[in-house]
Amino acid sequence: MFRPKIPTNPTPTGLVPLSAVEPIAAVRHTPPPAPVAESSTRPAVQLTPGTALALVGGGTAVVLVVGAVLVSMLLAVAISGVSIAVCAVVLRSLLAHGRTHR
């Protein structure tokens with residue numbers, strides 16, 4: 001089944017000799033066994049008011065922390081941009097002042 005099929009080279013007359021044919025084994029597929037209902041002693045997950053409040057509080061904390069990180073990154077980019085712009089203006093004025101007063 002998993003053996004490669006190697007093509008045979010044609011003879012000079014153009015006829016291709018037949019290769020030995022391997023018999024194919026018949027495979028029977030048996031259906032999987034029916035699932036058995038597991039009798040678990042664990043109860044299903046139930047949310048009490050306390051756990052629901054804890055989940056809401058934890059989610060709020062995560063949203064606030066991620067928001068604070070994103071805002072601080074945006075602020076850092078804005079401050080960097082402003083400082084580069086100020087440096088560019090100062091350098092431009094110094095170069096312009098040096099060209100006019102020689």
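We count residues from 1, following the sequence as given. Everything quoted here is computed from the prediction, not taken from an experiment.
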With sequence neighbours excluded, tell me which residues meet side chain to side chain contact (heavy atoms under 4.5 Å, CB included) with L70. V66
Just jot down the side chain to side chain contact (heavy atoms under 4.5 Å, CB included) partners of T60, sequence neighbours excluded, or say none. V56, L64
Measure the CD1-CG distance between I79 and L74 for me, rounded to the nearest 0.5 Å. 10.0 Å
If you look only at pairs with a residue in residues 44-59, which of them pass as a side chain to side chain donor-acceptor pair (under 3.5 Å), with sequence neighbours excluded? T48-T51
